[in-house]
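Chain identifiers are assigned alphabetically (A, B, ...) following the order of the sequence lines, protein sequences preceding nucleic acid strands; residue numbering begins at 1 within each chain. Note that the coordinates shown come from a computational prediction; the quantities given were computed from them, not determined experimentally.
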Amino acid sequence: MSTETPLELKKTINLPKTNFGQKANLGQMEPARLKKWTEMNLYGMIRRAREGAPLFILHDGPPYANADIHIGTALNKILKDFVVKSRTMLGFDAPYVPGYDCHGLPIELYVDKKLGAKKANMPAVSIRRACREHAADALKRQTRDFQRLGILGLWENPYLTMSNSYEAETARLFGRFIERGYVYKGARPVYWCIHDQTALAEAEVEYREHTSPSVYVKFPFSGDPAQIDEALAGRKVFFLIWTTTPWTLPANLGIAVNPNFEYAAIDNGDEVYIVAIELATDVMRKCGIGKVFPQAFDPPNDAGVVHSVLARFPGSKLDRLECRHAWLDRPSLLMLGEHVTLGGEADAETELDVKEARDKKATGKAGTGLVHTAPGHGHDDFVIGKQYGLEIYCPVDNAGRFTPDVEYFAGEGVFEANPKIVEFMRERGVLLFSENYEHRYPHCWRCKNPVIFRATPQWFIAMDSAATKEASQPELDEDGRVRSNYTENFTDSEVGVSLREAALHEIERVEWIPAWGFDRMRNMLKGRPDWCVSRQRVWGVPIPAFYCNACNEAVADKGIVNHVADIFEKESADAWYAKDARDLLPENFKCPKCGGEEFSKETDILDVWFDSGSSWAATWKEYFAEKFGEWQQADVYMEGGDQYRGWFNSSLMVSLAAHDRAPYKAVVTHGWTVDAQGKAMHKSLGNAVAPEEVIKESGAEILRLWCASTDYHEDMRVAPEILQRITDGYRKLRNTARFALGNLHGFEPARDSVAEDEMLEIDRWALAELDEVVALVRAAYKAYEFHAVFHRLYNFCTVALSARYFDIIKDRLYTFAPRNIARRSAQTVLYKIADALARLLAPVLVFTADEIWENLPQVGGGDEAPSSVHLATFPESTNVQDMELRTRWALLFRLRDEVLAKLEEARAAKVIGSSLEAKVRIRPSALVRKTLEKYKDDLRYIFIVSQVELREWMDEPEVHSLIFEDIQVERAEGEKCERCWNYSVHVGESERYPAVCERCVEALREIEEGAAA
RNA sequence: CGCGGUGUAGCUCAAUCAGGCUAGAGCAUUCGCUUGAUAAGCGAACGAUGAAAGGUUCAACUCCUUCCACCGCGACCA
């Protein structure tokens, strides 16, 4: 025994000590750590560390390189980072190549605005340069912001849809579509300014007041009226249409009716008129038809106009019947379309402002329920016309004049022709009524003239025409089956399948998360029309097609496309604009049709969705092909739900054309960020939460934790209160880690670890809890259930650790001799907990987990441990938890809850303050007595009281239903030990340490011996 | 208007798929304890007519129907 003076009690307490601060100071810590990661090339280290491990690729959907990132963009990227980091820690080689969508209208418009009037005289190459600069600038800022979020990836070399290699690959992929026979050139209506003689994008039109002639016109039915209804047999039947653009009537090829509406045949003497029954009264009144009858007919009306209804029938009955054009010698086909409404707003392509039309609907209905359809002059008309196989007929030239084949009006400008057509119809007796109609009509934003809808030639990718058979080797799927098995529904195996069929088949093999994504995708695919890939713009990948100057033949085949692509590869797609056609074509190329040698270039560019849809094929080639060989599917795509019709869709198309497979094995969608009320966020509403502000005020870590806290499958609310909760949660996690780290001061795992079978039982209980958490969290990461990760870990920290385990072991950690095996036992567990927490939290709390990692005493003096937690793997779960042990402890903790409640009562009654001032008497039931007896000496520590006494029941049979009964709390016996604060009747028995209890006397002896040794 | 999704305490989540004790946690709030995790820790209390209305059933948060709200996509919407 030491002869020195007694130790100063306070100094013999092992208080926590760590450099891991209570305050995170994320604002400074995060950038500092990012810098460190950059300097050590952490991402490169991870790649090397996982070299040869199973590959797992999350393919990044490219954000649009226009504006700065918003909270939704941040969410998307953070969720992706969770995936990449967690797969990495699950042992996969999970490279992350970010990308940016650089082409497209929004950038071009932005540049237009910036260039102003200058643009008109600028060559395309210069405009493209300006666009390129803008995109480069935006993506640079976005990259900086993404990196700030703690996202690791190949930031120094992201894929850019405007890079030479990408543009070249995009062109080649378009060549694949051509090669397989999916591409055709057709016409489609677009906004057209007849003054500027150019197509306009939607964003380039503005709505202004305009007066149009509103006309009701009758089209004679050319079939047998009895087909419609017996009552009409032998009558002269006419279908009434309404339009505000009489000039489109020469292009009329059909009449659309709604299959669900009821139509009426109305008697007007010699003639019978067909209109929607609901509109019949209004139409008849307008046209001055009908007589005043005393009897009420159906439907009765309020204006005293009564007409007789000869028959009524659903629109569906009219399908594919035929009328004659009102004055031209050609048929007008009756078609069924859901777009037909009773408001009249679908009646004309001119009725572009639906809201306006609906307002009108409220005051006075227009239209007849039969829609004049000119496929060359309206969007719906076009769609339904395609569906019914009508020609996309547009007899109007660039200047808005009728072409020579238009009888009576050839050469007339359409707006000038309007009154003439009205007059013409009146003379012919086909016009029932006309009036002036005030409405909002689209005008060119540049020249302010009214625009028209006009079909112009466009490139399409066919959804329904079968692909031509490939000459190449049949592709095998993972089961070794010939891929063309998806043609099994076709008897002739030489016939390929259409893109739509292939897509519908392929999506069944994709894992959709959530599962309803499959239905969603299927609906999208079923309904989507042919893909119009033409854009009349300059900022994009040019459609690599040529036109023979001699015979006007469009020339586009794989060979030519690849030749052009090779040029793009070297010089970027700017070459299309910088070079002449002959320099873009192979030498001595001649028109396959006429042998002509002079060609002009296609001026359309590809839809940007084609660009981004090409991303996986392009990135595989550029980033992975060399190392991993043959193309393979990406493991997962992860985007917002808006991408079903967007990127998921276009990527599927491109991948099917290129590889006959979906580009993804799994598709995960996330919801949208909404405000506290669940409302969508809009800058204009002022309810948007800016990521940079969250970062500035709270740190990226908080934003990341928010992403992990909420179930992203649904809409995710962000608001100050929510972020505050998250910040509190962060503190809790941090403090939990800090407690563990602080109590590991002086603990060297290799030297001081205690084997599990030598541990105290509660320590083994804690390990069992940890083991379960590890298993659950690993599973949650695998299933992309990040909110489950967060809630499991968080609950583990608060309930199992902070409220129970840590609270209980404090006594042991603080008051036992540092090297006492019981203390080492607890420390061993704390070490494992801290280690596991760091690893399990790492994908979410990228910075903090790494900080925990650094403050962890490392096995073997730290040499073996990776220099960052992000190089480590998740802890393994043994999954062989001692269930009996856990059951026993579940019981003990239940008893503890009851004791705590009793302590609270005693506290309220001022019997005790601190729980250590208490002594607890328990009379256990027969059910639990045995268990409690076993833990007799441990109960005081479990309850954190000074004494526990177990007592017998007098009359046990009566209380078999009770588990615990009669818990009594009284003041602890003896004096408070100055060192451990427990009460003991033995305080004062030591001469050397008179203020101390028997446990502390022993601890102090150990400490003094240790010091002497 | 069409397609899809979601509604459980003030907040974030469980249990819902295969209906079954008194709908569970944590946070927040209030109160108390502690002052050896201390701009921390522990406990207790309070807090949900399960969006609403019907229906099926012995039994419904769970299944069915309707409706409302919100979100996304598509619509001749911005």
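- A donor and an acceptor atom, one from each side chain of A:Asn743 and A:Gln827, are nowhere located under 3.5 Å apart.
- If you check the side chains of A:Thr848 and A:Tyr730, you find a donor sitting under 3.5 Å from an acceptor.
- Rounded to whole Å, the separation between the P atoms of B:C67 and B:G2 comes to 10 Å.
- The cationic group of A:Arg704 does not satisfy the cation-pi geometry with A:Phe82, failing either the under 6.0 Å distance to the six-membered ring centre or the 45° limit from the ring axis.
- Considering only residues two or more places apart in sequence or on other chains, A:Glu970 meets the salt bridge (charged side-chain N to carboxylate O under 4.0 Å, His left out) condition with A:Arg921.
- Not counting sequence neighbours, the partners of A:Trp647 by the ring pair (Phe, Tyr, Trp, His ring centres under 6.0 Å) test are A:His59, A:Tyr637.
- Atoms NE2 (A:His713) and C1' (B:G4) sit 15 Å apart, rounded to a whole Å.
- Considering only residues two or more places apart in sequence or on other chains, A:His210 meets the ring pair (Phe, Tyr, Trp, His ring centres under 6.0 Å) condition with A:Tyr441, A:His443.
- Taking atom P on both nucleotides, B:G50 is separated from B:C58 by 23 Å, rounded to a whole Å.
- Separating the C1' atom of B:G55 from that of B:G19 is a span of 15 Å, rounded to the nearest Å.
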Please list each protein N or O that sits under 3.5 Å from an N or O in nucleotides 9-16 of chain B, with the distance.
residue	atom	partner	partner atom	Å
B:C11	O4'	A:Glu721	OE2	3.3
B:U12	O3'	A:Thr710	OG1	3.1
B:U12	O2'	A:Ser709	O	2.8
B:U12	O2'	A:His791	NE2	3.2
B:C13	OP1	A:Thr710	OG1	3.2
B:C13	OP1	A:Asp711	N	2.4
B:C13	O5'	A:Ser709	O	3.3
B:C13	O4'	A:His791	NE2	3.4
B:C13	O3'	A:His787	NE2	3.4
B:A14	OP1	A:His787	NE2	2.4

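- At whole-Å resolution of the value, CG in A:Leu793 and C1' in B:A25 are 15 Å apart.
- Looking at heavy-atom distances under 4.0 Å, A:Arg645 makes contact with sugar-phosphate atoms alone, never a base.
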Per-nucleotide protein contact string for nucleotides 34-42 of chain B, where B marks a base within reach and S marks sugar-phosphate only (heavy atoms under 4.0 Å, - for neither): SSBBSSSSS
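- Using bins of under 30°, 30° to 60° and over 60° for the plane-to-plane angle, the ring pair A:Trp516/A:Tyr644 lands in the tilted bin.
- Proximity of A:Arg520 to A:Thr669: side-chain heavy atoms (C-beta onward) are nowhere separated by under 4.5 Å.
- Rounded to whole Å, atom P of B:G4 lies 18 Å from atom CZ of A:Phe648.
- Residue A:Tyr644 is classed as having no contact, given no heavy-atom separation below 4.0 Å to the nucleic acid.
- For A:Asp728 and A:Gln724, the side-chain atoms include at least one donor-acceptor pair closer than 3.5 Å.
- The distance from atom CZ of A:Phe943 to atom P of B:G43 is 14 Å, rounded to the nearest whole Å.
- Taking atom C1' in both B:U66 and B:U56, the straight-line distance is 15 Å, to the nearest Å.
- Between atom CG of residue A:Asp715 and atom OG1 of residue A:Thr673 there is a gap of 8.5 Å, rounded to the nearest 0.5 Å.
- Under the 6.0 Å distance and 45° angle rule, A:Arg812 does not count as a cation-pi partner of A:Tyr941.
- Consecutive pairing runs in RNA chain B reach the stem threshold at B:1-7 with B:68-74, B:10-13 with B:24-27, B:29-33 with B:41-45, B:52-55 with B:63-66, where a stem means at least three Watson-Crick or G-U wobble pairs with distances under 3.5 Å.
- You'll find that the side chain of A:Val674 is closest to B:C71, out of B:G5, B:C71, B:G32.
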